Amino acid sequence: MCGIVGYIGPRDATPIILNGLKRLEYRGYDSAGLAVINGNKIEVRRDAGKLNSLTELVKKSPLTGAPGIGHTRWATHGEPSGRNAHPHMGASGRVVVVHNGIVENFLDLKNELIAEGIEFKSDTDTETIVHLVEHHQAVGLDLTEAARQTFNKIQGAHGIVLMSADEPDKIVCARIGNAGGVVIGLGKDENYIASDIPAILEHTRDVIFLESHQLAVITRNTVHIETLDGQAVTPEIHSISWDAVSAEKGEYRHFMQKEIHEQVRAITDTLAGRVDFSKSRIRLPELKLTPEIAKRIQRIYITACGTAAYAGMVGKILIEKIARVPVEVVIGSEFRYSDPIVDENTVVLAISQSGETADTLAAMEEGRKKGALIWSIVNAIGSEAMRISDGYISMQTGPEIGVASTKAFTAPLVDQYMLAILLADLRGTLDDEARKSLVADLRLIPDLVSRTLNSEPEIEKVALVLKDIQHCLYLGRGINMPIAYEGALKLKEISYIHAEGYPAGEMKHGPIALIDEEMPIFCIAPKDPWHEKMVSQIQQAKARGGQVIAIATEGDELVQGLADQILWVPDTPWMLSPVVTVIPLQLLAYHIAALRGLDVDQPRNLAKSVTVE
């Protein structure tokens, strides 16, 4: 989970940046670096590994000056190494950048720059940003305008910070989409920048949160904010309480809302270090999966509870479709009592946010007794589930405080998609073109999630209409059938409204009897292979007087003409569509519960980790 820290003011930036990065270590990273302006030049120190390595490097080769910027990085393009660590400088050595996010169109941009004679010194997508800035400066633009032109050219969701030795009195930063926050801390004759509040909380509690598609020019004494198309913005200054809980919530009302919005960053970090977009390859080293093991596997059991089990249902479709391995999903509490058919050619894959769920752990132990290979997808590093696994995938979502899981649902969807590609690749069941296409689709997901989150104001309006409902039905088909279950669960968990998830094709086998004017029907109907079937279900619900709320692909006029309310999602590759279709349902549940005045983060009778049977 990449971290950013910046400082402009009269003090030496180096210790401020190093201390700030230290406070972001919980986010995880595989390299770190910093840059300062010393006199009329930029000095950079960076190295692979943890901050200790960077600190030792700075001790051996000190650098002082201000302003300065620093970064901790999870690799997405290029292996973890000193040459790929941030910050990155341009060819002139006069501009430097740190960056969170994925430049979706970096290959096209890189090829254009190489054709102009630019020599790349790293394997990263980030380096395209600094070269583009210098390209625009070469025709006479200052740093701010060169940055603006660059930000409008790159695709994806980003947090970006730039500085130039030719304009040492300013730092330029931007937030594009929801790839992680950009927080500006206000001081006296000095200002700060960070990707998260804890990095700068010891220096200031007055902060500005950049919104999507906003650019900030920061000097010692001023902060000027405008949109990427040049419209001035009057920012709201937030005063953050010194207590840790308030600081962690930042600009959000509840942790659940914050964690829903953190899904862009969480998914970006889930990809980091695991997807090599330049080679179209997946790396999951902690899984310890070899070609020999991959070819031996004859069956996979996915076992989990609650939200994690619904993620596993999506995973079943992905693994069977891509890797052609039979998969069964068994609820954790049922697994050990079902006498599952397990042998040494079977994998038991457990999914758990906490890694301490008693029923899931018991299922893992049952699998081990029968000789299965045990894998886990877990959020909590060092948890019991991770320790007893033969191999694991860490979710990389960071702490999830809200009891109702959100980012720890979408991250395993991406994890299982990557697992399916790797498994197919090692088994020899996936040709190069198919693999390249599947891997390339991953680059799109952070921005698609970001665009979906931008619809929150419209979703809140729908929540206002629905806040007093007593019962509702969620319908989905195919890969989005589990999203119907998950959407209903979210509403039940935090709003205490009776909600039932159901396979849409089964509507006539019972639930259709419930449909009337008082029964809202949520229909998950993106443009996927089941779209035509879902349109039929919507028509049947409408014919019986049902109020239909559809989750639909932007521009779908057919669904728009049928549904009473629509929660739009961007057009998404169908195998990754659950990552975006679930987000409106998360936001809707959140806003309904908040409008009802309920304790969103700690709903009654529920706990974050269920550690008893």
Side-chain angles (χ1 to χ4, degrees), residues 4-21 33-45 62-71 86-99 129-151 159-175 182-195 199-200 203-204 206-210 214-228 230-235 237:
I4 289 175
V5 181
Y7 171 77
I8 185 166
R11 293 189 284 164
D12 180 20
T14 298
I16 295 170
I17 292 169
L18 289 174
N19 289 336
L21 292 176
L34 77 159
V36 301
I37 296 179
N38 184 355
N40 68 344
K41 67 178 182 177
I42 296 171
E43 291 194 39
V44 175
R45 304 287 185 272
L63 75 169
T64 58
I69 54 178
H71 190 269
H86 296 212
H88 289 284
M89 281 203 293
S92 70
R94 308 296 291 171
V95 182
V96 67
V97 65
V98 293
H99 164 231
I129 296 173
V130 71
H131 289 313
L132 282 170
V133 170
E134 289 193 339
H135 170 81
H136 292 302
Q137 285 180 318
V139 296
L141 299 182
D142 65 8
L143 179 64
T144 304
E145 288 306 312
R148 188 196 315 279
Q149 295 289 330
T150 298
F151 300 157
I160 305 169
V161 184
L162 287 155
M163 63 183 189
S164 170
D166 296 324
E167 300 177 53
D169 60 335
K170 70 177 67 168
I171 294 177
V172 176
C173 60
R175 181 180 180 183
V182 177
V183 183
I184 300 167
L186 307 177
K188 183 175 175 57
D189 298 324
E190 59 186 3
N191 288 308
Y192 309 84
I193 302 159
S195 53
I200 57 176
H203 304 292
T204 181
D206 294 327
V207 302
I208 296 168
F209 299 100
L210 276 194
Q214 288 184 350
L215 175 151
V217 181
I218 303 165
T219 70
R220 290 186 180 194
N221 301 300
T222 64
V223 175
H224 174 73
I225 298 175
E226 55 189 53
T227 63
L228 289 186
Q231 301 297 312
V233 173
T234 302
I237 299 174

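In this text, all values refer to a predicted model and were calculated from it rather than measured experimentally.
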What one should report as the nearest heavy-atom pair of Val182 and Ala174 is CG2-O, 3.7 Å
Heavy-atom closest pair (Ile17 atom, Gly68 atom, distance to 0.1 Å) is CD1-C, 3.3 Å
Here the pair of heavy atoms bringing Gly185 nearest to Val207 is CA-CG1, 4.2 Å
Ile184 and Ala216 have their tightest heavy-atom pair at CD1-CB, 3.6 Å
Inset, instruction - Compare all side-chain heavy atoms of Asn191 with those of Leu186 and state whether any distance is below 4.5 angstrom. - result: yes
Would Arg45 and Glu43 count as a salt bridge (Lys or Arg N to Asp or Glu O under 4.0 Å) here? Give the steps.
CA-CA 7 Å; Arg45 304 287 185 272; Glu43 291 194 39; 3.1 Å; yes
request  = Determine whether Ile42 and Met89 make a side-chain contact, defined as any pair of heavy atoms from C-beta on separated by less than 4.5 Å.
outcome  = yes
Residues passing the side-chain hydrogen bond (donor to acceptor under 3.5 Å, both in side chains) test with Gln149, sequence neighbours excluded, are none
I want to check something: taking the side chain as every heavy atom from C-beta on, are Thr64 and Val36 in contact at a cut-off of under 4.5 Å? no
Check the pair Thr150 / Ile129 against side chain to side chain contact (heavy atoms under 4.5 Å, CB included), numbers first and verdict last.
-> CA-CA 7 Å; Thr150 298; Ile129 296 173; 4.1 Å; yes
*Determine whether His136 and Glu145 make a side-chain contact, defined as any pair of heavy atoms from C-beta on separated by less than 4.5 Å.*
no
Sorted by chain and residue number, the side chain to side chain contact (heavy atoms under 4.5 Å, CB included) partners of Pro235 (sequence neighbours excluded) come out as Ile208, Ile225
NZ (Lys41) and CG (Leu63) are apart, to the nearest 0.5 Å, by 10.5 Å
Heavy atoms of Gly33 and Pro87 approach each other most closely as C-CD, 3.5 Å
Is any side-chain heavy atom of Phe151 less than 4.5 Å from a side-chain heavy atom of Leu162?
-> yes
| message | Quick one, Met163 and Lys170 - any side-chain contact, counting heavy atoms below 4.5 Å? | response | no
Does Arg175 reach the main-chain N or O of Leu210 with its side chain, forming a donor-acceptor pair under 3.5 Å? yes
Rounded to the nearest 0.5 angstrom, the CZ-OG1 distance for Arg148 and Thr227 is 7.5 Å
On a heavy-atom basis, the closest approach of Val96 and Ala35 is CG2-CB, 4.0 Å
Sequence neighbours excluded, the answer for side-chain hydrogen bond (donor to acceptor under 3.5 Å, both in side chains) partners of His131 is Glu127
Sorted by chain and number, sequence neighbours left out, side-chain hydrogen bond (donor to acceptor under 3.5 Å, both in side chains) with Asp12 holds for none
**Prompt:** Going by atom types alone, do Glu134 and Ser92 pair a side-chain donor with an acceptor below 3.5 Å?
**Reply:** yes
One should read off an interatomic distance between Thr14 OG1 and Asn38 CG, to the nearest 0.5 angstrom, of 9.0 Å
Q: Could you tell me how the ring of His71 sits relative to the ring of His86: parallel (under 30°), tilted (30 to 60°) or perpendicular (over 60°)?
A: parallel
Are side-chain heavy atoms of Val161 and Ile171 found at a separation under 4.5 Å? yes
Rounded to the nearest 0.5 angstrom, the CG-CG distance for Leu143 and Asp169 is 9.5 Å
- Query: Does some side-chain heavy atom of Ile218 sit less than 4.5 Å from a side-chain heavy atom of Cys173?
  - Reply: yes
Practice prompt. Evaluate the criterion side-chain hydrogen bond (donor to acceptor under 3.5 Å, both in side chains) for residue pair Glu226 and His224; output intermediate values, then yes/no.
Written response: CA-CA 7 Å; Glu226 55 189 53; His224 174 73; 2.7 Å; yes
Sorted by chain and residue number, the salt bridge (charged side-chain N to carboxylate O under 4.0 Å, His left out) partners of Arg220 (sequence neighbours excluded) come out as none
Contacts of Arg94 meeting side-chain hydrogen bond (donor to acceptor under 3.5 Å, both in side chains) (sequence neighbours excluded), chain-then-number -> Asp166
d(Tyr192 OH, Ile16 CD1) to nearest 0.5 Å is 5.5 Å
Between the CG atom in Leu215 and the CD1 atom in Ile160, the distance rounded to the nearest 0.5 Å is 9.5 Å
